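Below is one structure; the comments refer to it alone.
FYI, the numbering just counts along the sequence from 1. Atoms within each ligand, like the ligands themselves, are counted from 1 in listed order. It should be emphasised that the depicted structure is a prediction, and the values quoted were computed from it without experimental measurement. What's counted below: heavy atoms across the whole structure, side chains too, no hydrogens, waters or symmetry copies.
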Amino acid sequence: MTSSRFDLRGKVAIVTGGNGGIGLGMARGLADAGANIVVVGRNETKSGAAVADLSQRGVKAISVPTDVTDQAAVAAMIDRVVKDLGRIDILINNAGMSIRKPPHELELDEWNKVIDTNLTSAFVCSKLAYPALKASGNGKVINIGSMMSIFGASFATAYAASKGGIVQYTRACANAWAPDNIQVNAILPGWIDTDLTRGARQQVSGLHERVLARTPAGRWGDIDDFAGITVFLASSASNFVTGTAIPVDGGFSVMA
Ligand code: NDP
């Protein structure tokens, strides 16, 4: 029964940044496999639209407005999920942002904002969700890295540091939580068409064409490209896969 390995019916998944972009693509994949979804983000209008989209797929979806850089708010969110939905099986640490400046121009508060949003939030959410993930008996954590987990770029000062850090954090958690049957993996997106990169394309002339030329698949990624990998890493199909960092990049990271 191959299909049952990917069956997520009855599971509860938290997706930070699940109200748009890659997070929504992942949430849609999980919902289509039967998981109930908790959308975590700050923009309540976007989160309401995402909940409507996910609910149409026949699962329970709720929004818990939360700033993931606020530890007390994350703790309240986790408590509410356990109280209202009874369990947490899957945590996706996807919320992220970038401030594009070279190292000598980036201010300390800008550095802290990027690190807090992209890296420290994954630590806080994972630590606070850990008791429920352990209690689920087969918990899954998926952290979102980037091509900047592998490569560098002059404008990606704090962003590259945060995304390199997320891979090493993933490996530490994979080791620590293997005895609890919790698998922890990272996904490294290539260039994906979202609000984040639409901004970059407006700021950086020629970026659109450079990405097309540098990506063997010859296209930008779409948020739907994240559904399959997410269901795999969230399901029992991946129970012997942990501590990995899997590029979803149309070949970007293997092009010489
Ligand atoms: P979007 O800007 O479309 O989405 C970012 C999401 O993060 C939004 O849902 C936003 O929700 C949420 N978010 C940001 N800050 C916070 C916060 N403090 N608290 C709670 N939620 C927050 O970008 P993408 O979909 O492109 O990015 C998603 C992830 O993928 C990020 O980690 C990004 O670094 C990574 N990535 C993206 C790539 C791409 O090409 N697009 C490439 C490589 C990695 P809200 O505003 O409502 O809070």
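Distances shorter than 4.0 angstrom do not occur between any heavy atom of T16 and any atom of ligand 1. Every heavy atom of M148 sits 4.0 Å or more from the atoms of ligand 1. The shortest heavy-atom distance from Y159 to ligand 1 is under 4.0 Å. The closest approach between a heavy atom of G190 and any atom of ligand 1 is below 4.0 Å. Residue contact annotation: G221 has no non-hydrogen atom under 4.0 Å from ligand 1. Distances shorter than 4.0 angstrom do not occur between any heavy atom of N118 and any atom of ligand 1.
The side-chain contact (heavy atoms from CB on, under 4.5 Å) test applied to A122 returns N93, N143, I166, Y169, not counting sequence neighbours.
Nearest residue to atom 5 (C) of ligand 1 from G21, G96, P65 is G96 (criterion: closest heavy atom). Between atom 8 (C) of ligand 1 and the options V248, V15, L188, N19, the minimum heavy-atom separation is to N19. Looking at T66, N143, T197 and measuring to atom 39 (C) of ligand 1, the nearest heavy atom belongs to T197. Across C125, A95, G20, heavy-atom proximity to atom 13 (N) of ligand 1 is greatest for A95.
Between N94 and ligand 1, at least one pair of N/O atoms sits closer than 3.5 Å. Ligand 1 has no nitrogen or oxygen under 3.5 angstrom from a nitrogen or oxygen of G41. When only interatomic distances are considered, the shortest N/O to N/O separation between M97 and ligand 1 does not fall below 3.5 Å. Close N/O approach between I22 and ligand 1 is found [any backbone or side-chain N/O within under 3.5 Å]. At least one N or O atom of N43, backbone or side chain, sits closer than 3.5 Å to an N or O atom of ligand 1. Considering backbone and side-chain atoms alike, W191 places every N or O at 3.5 Å or more from each N or O of ligand 1. Every N/O-N/O distance between S146 and ligand 1 stays at or above 3.5 Å.
For R9, the CZ atom is loosely surrounded, since the number of other residues' heavy atoms within 6.0 Å does not exceed 12.
Taking a distance limit of 4.0 Å, we find that atom 48 (O) of ligand 1 is approached by some protein heavy atom.
The two atoms that bring T117 and K113 nearest to each other are OG1-O, 2.8 Å, heavy atoms only.
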If you look only at distance, which donor and acceptor atoms sit under 3.5 Å apart when one is on a side chain in residues 248-256 and the other is two or more places apart or in another chain?
{"from": "D249", "atom 1": "OD1", "to": "G251", "atom 2": "N", "distance (Å)": "3.0"}
{"from": "D249", "atom 1": "OD2", "to": "F252", "atom 2": "N", "distance (Å)": "3.3"}
{"from": "D249", "atom 1": "OD2", "to": "S253", "atom 2": "N", "distance (Å)": "2.7"}
{"from": "D249", "atom 1": "OD2", "to": "S253", "atom 2": "OG", "distance (Å)": "2.6"}

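Of all protein heavy atoms, the one closest to atom 14 (C) of ligand 1 is R42 NH2, 3.4 Å.
Listed by number with element, the atoms of ligand 1 under 4.0 angstrom from any heavy atom of L196 are 2 (O), 23 (O), 26 (O), 33 (C), 37 (C).
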